[in-house]
Protein chains: 2
Amino acid sequence: MALRHAVLAALLDGEYSGYQLAKIFDVSLSNFWYAVPQQLYAELAKLEREGLISGRQVIQRDRPNKRLFTVTDAGLAELATFAATPSKPSSIREDLLVMVQAVDRLDPAPVIAQLEERAVTAAAKVEIFDRMLQRLRGDLDEETFLREGDRIGPYLTCLRGRRFEQENRDWCDQAAALLRARAPLSG
Amino acid sequence: MALRHAVLAALLDGEYSGYQLAKIFDVSLSNFWYAVPQQLYAELAKLEREGLISGRQVIQRDRPNKRLFTVTDAGLAELATFAATPSKPSSIREDLLVMVQAVDRLDPAPVIAQLEERAVTAAAKVEIFDRMLQRLRGDLDEETFLREGDRIGPYLTCLRGRRFEQENRDWCDQAAALLRARAPLSG
DNA sequence: GCTGCCTAGTCAATGATATGACTACTCCTA
DNA sequence: TAGGAGTAGTCATATCATTGACTAGGCAGC
């Protein structure tokens, strides 16, 4: 029930079309909430019917027309209600961890390979987050920005994503090294 | 499609009933895969029909009879296939992060309250993980256990869970402190 | 002139998850 | 002696999420 709130939160910093939102949910917001385009279009339609966002058509010559959406006052009120509702913690849900859980009874080689691959992609994500953080804080240093900058919400969520991927990387490296040391013949 | 593999992985270290599995998915496995009892019973029925697990009835006097399940060779093969299938990374999906993303346009007080609450529950989870880790490694120290112990899979996944909750706690504390400092009048 | 990619959005179908209620029996406590 | 908590499992349903295919025009490269 929180995709709607994620959409509202994303629309807080500007007018976006469904297509643009899909991009955002693929890079920055995917950090804590991923959604495919179809979900977004469906959710946008519902939000508009309920008056939480309003859309306006933009006619374009050289490419398909689009509809840009903004949050209404009702939408902002809905977000405020959401923020005041106790949220329950949701934990990790990860195939790779299921594999590691079972690794003692399986051939460790493919699991090790996946751990090493994941460590690389996690490291790449850390760098992406670092660039996003730099862009968000502009020419201020982190401490000053967090104290005085406007819109620190996106910065804070980005920080959380960075830490998550950093931990992911470290853990994958450690697990892969351990499994490799224990099974020196395979892989 | 990976609940089935999580169930198979959980059944690797013994015979369990649906009810017992529900407990396991509520504490240790919830770490990386949560499921409600109804899902488990449905999945167990499917897995048995497909011959990946086999159940045996245990008749009890003073409480309801139960069915205990074990993984078959076919089930082990299914797990091996799963472990060799490339898995895509899945990230955090968390209501609290949606709230923080939007916090600049809302009253920060309820968000700060939730962050502080979450920091406490995360700290409690860290302690639970610490006890689980201690129990898993018995009287060995961590380094020795990881080098020589049998069944390090559950230990590694538990380590990942611990790190996740530790990061969660640190981030919640930091975010709450920052927001509090920026809005000294509310909350 | 063909192929592939980008923008913009839609339809349909299946699979996974969440929610709530319900049976039935036992033990313990107030 | 009634109520609550624990064990063991089931049913129904509504919403969410995932997958794949599909329209349609424009632009760039080979």
Side-chain angles (χ1 to χ4, degrees), chain A residues 1-7 15-27 29-30 32-50 53 55-69 82 85-95 98, chain B residues 1-7 15-27 29-30 32-50 53 55-69 82 85-95 98:
Chain A
M1 201 56 168
L3 171 59
R4 63 191 309 106
H5 300 114
V7 170
E15 271 191 328
Y16 293 116
S17 69
Y19 189 78
Q20 286 173 297
L21 271 178
K23 302 265 148 158
I24 293 170
F25 272 79
D26 216 50
V27 290
L29 243 76
S30 72
F32 57 91
W33 206 282
Y34 175 76
V36 293
Q38 294 93 317
Q39 278 176 272
L40 295 175
Y41 286 114
E43 199 62 47
L44 285 170
K46 262 176 75 178
L47 285 169
E48 198 184 16
R49 273 203 307 278
E50 295 171 33
I53 60 175
R56 65 180 185 91
Q57 181 105 16
V58 172
I59 286 144
Q60 300 184 117
R61 259 161 309 167
D62 52 350
R63 51 189 59 185
N65 298 336
K66 61 182 174 184
R67 306 199 61 218
L68 294 180
F69 297 94
F82 169 67
T85 307
S87 65
K88 53 184 173 197
S90 67
S91 46
I92 308 176
R93 172 163 286 188
E94 180 89 63
D95 284 1
V98 177
Chain B
M1 202 55 168
L3 172 59
R4 62 191 308 107
H5 300 113
V7 170
E15 273 189 326
Y16 293 117
S17 68
Y19 190 78
Q20 286 173 297
L21 272 178
K23 300 266 148 157
I24 293 170
F25 272 78
D26 216 51
V27 289
L29 243 76
S30 71
F32 57 90
W33 205 280
Y34 175 75
V36 292
Q38 294 94 316
Q39 279 176 274
L40 294 175
Y41 286 114
E43 198 62 47
L44 285 170
K46 262 176 76 179
L47 285 168
E48 197 184 17
R49 273 205 306 279
E50 295 172 32
I53 61 175
R56 65 182 184 90
Q57 181 105 17
V58 172
I59 287 142
Q60 299 183 119
R61 258 160 309 168
D62 52 351
R63 52 188 61 182
N65 297 335
K66 62 181 173 183
R67 306 200 61 219
L68 295 180
F69 297 94
F82 169 67
T85 307
S87 64
K88 53 184 173 195
S90 65
S91 46
I92 308 177
R93 170 164 289 188
E94 179 90 61
D95 284 1
V98 177

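To find a chain, count down the sequence lines: A is the first, B the second, and so on, and within it residues start at 1.
Put simply, the side chain of L21(A) does not reach to within 4.5 Å of the side chain of Y41(A), judged on heavy atoms. Between W33(B) and I92(A), the closest side-chain pair of non-hydrogen atoms is not below 4.5 Å. Counting heavy atoms from C-beta outward, F82(B) and V98(A) have side chains that approach closer than 4.5 Å. Between Q20(B) and L68(B), some side-chain heavy-atom pair lies under the 4.5 Å cut-off.
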Strictly under 3.5 Å: I want the nitrogen or oxygen pairs between protein and nucleotides 26-28 of chain C, one per line.
residue : atom : partner : partner atom : Å
dT26(C) : O4'  : D62(B)  : O            : 3.4

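Of the possible donor and acceptor atoms, none in the side chain of Y19(A) sits under 3.5 Å from a partner among the backbone N and O of P37(A).
Distance, I59(B) CD1 to dA8(D) P: 14 Å, rounded to whole Å. Atom CD of Q20(B) is separated from atom P of dG9(D) by 8 Å (rounded to the nearest Å). Rounded to whole Å, the distance from CD on Q60(B) to P on dT7(D) is 11 Å. Separating the CZ atom of R4(A) from the P atom of dT15(D) is a distance of 12 Å, rounded to the nearest angstrom. Summarising the geometry, the separation between CZ on F25(B) and P on dA18(C) is reported as 13 Å, rounded to the nearest angstrom. Atom-to-atom, CD of Q57(A) to C1' of dA8(C) comes out at 11 Å; the value is rounded to the nearest Å. One can place CG of D26(A) at 12 Å from P of dC6(C), the figure rounded to the nearest angstrom. Atom pair N65(A):CG and dC6(C):C1' shows a separation of 16 Å (rounding to whole Å applied).
Dashed line: the shortest gap from a side-chain N or O of Y19(B) to OP1 or OP2 of dT7(D) is under 4.0 Å. OP1 or OP2 of dA17(D) sits under 4.0 Å from a side-chain N or O of R93(B). At the phosphate of dC16(D), OP1 or OP2 sits under 4.0 Å from a side-chain N or O atom of K46(A). At least one side-chain nitrogen or oxygen of K23(B) sits closer than 4.0 Å to the OP1 or OP2 atom of dT7(D). Residue S17(B) places at least one side-chain N or O under 4.0 Å from the OP1 or OP2 atom of dG9(D). Phosphate proximity of dT19(C) to K88(A): present, with a side-chain N or O under 4.0 Å from OP1 or OP2.
In this view, Y16(A) and D13(A) satisfy the side-chain hydrogen bond (donor to acceptor under 3.5 Å, both in side chains) rule, not counting sequence neighbours. Residues that satisfy the side-chain hydrogen bond (donor to acceptor under 3.5 Å, both in side chains) test with R93(B), not counting sequence neighbours, are absent from this structure. In this structure, the side-chain hydrogen bond (donor to acceptor under 3.5 Å, both in side chains) partners of S87(B), at least two apart in sequence or on a different chain, are Q114(A), R118(A). With sequence neighbours excluded, no residue satisfies side-chain hydrogen bond (donor to acceptor under 3.5 Å, both in side chains) with Q39(A).
Between dT17(C), dG9(C), dG9(D), one nucleotide has an atom nearer to the side chain of R67(A) than all others, and that is dG9(C). Across dA24(D), dG9(D), dG9(C), the shortest atom-to-atom separation from the side chain of P64(A) is found for dA24(D).
A heavy atom closer than 4.0 Å to some atom of DNA chain C occurs in V36(B), Q38(B), Q39(B), these being the qualifying members of residues 34-44 of chain B.
Remark: K88(B) NZ to E94(A) CD distance equals 11.5 Å, nearest 0.5 Å.
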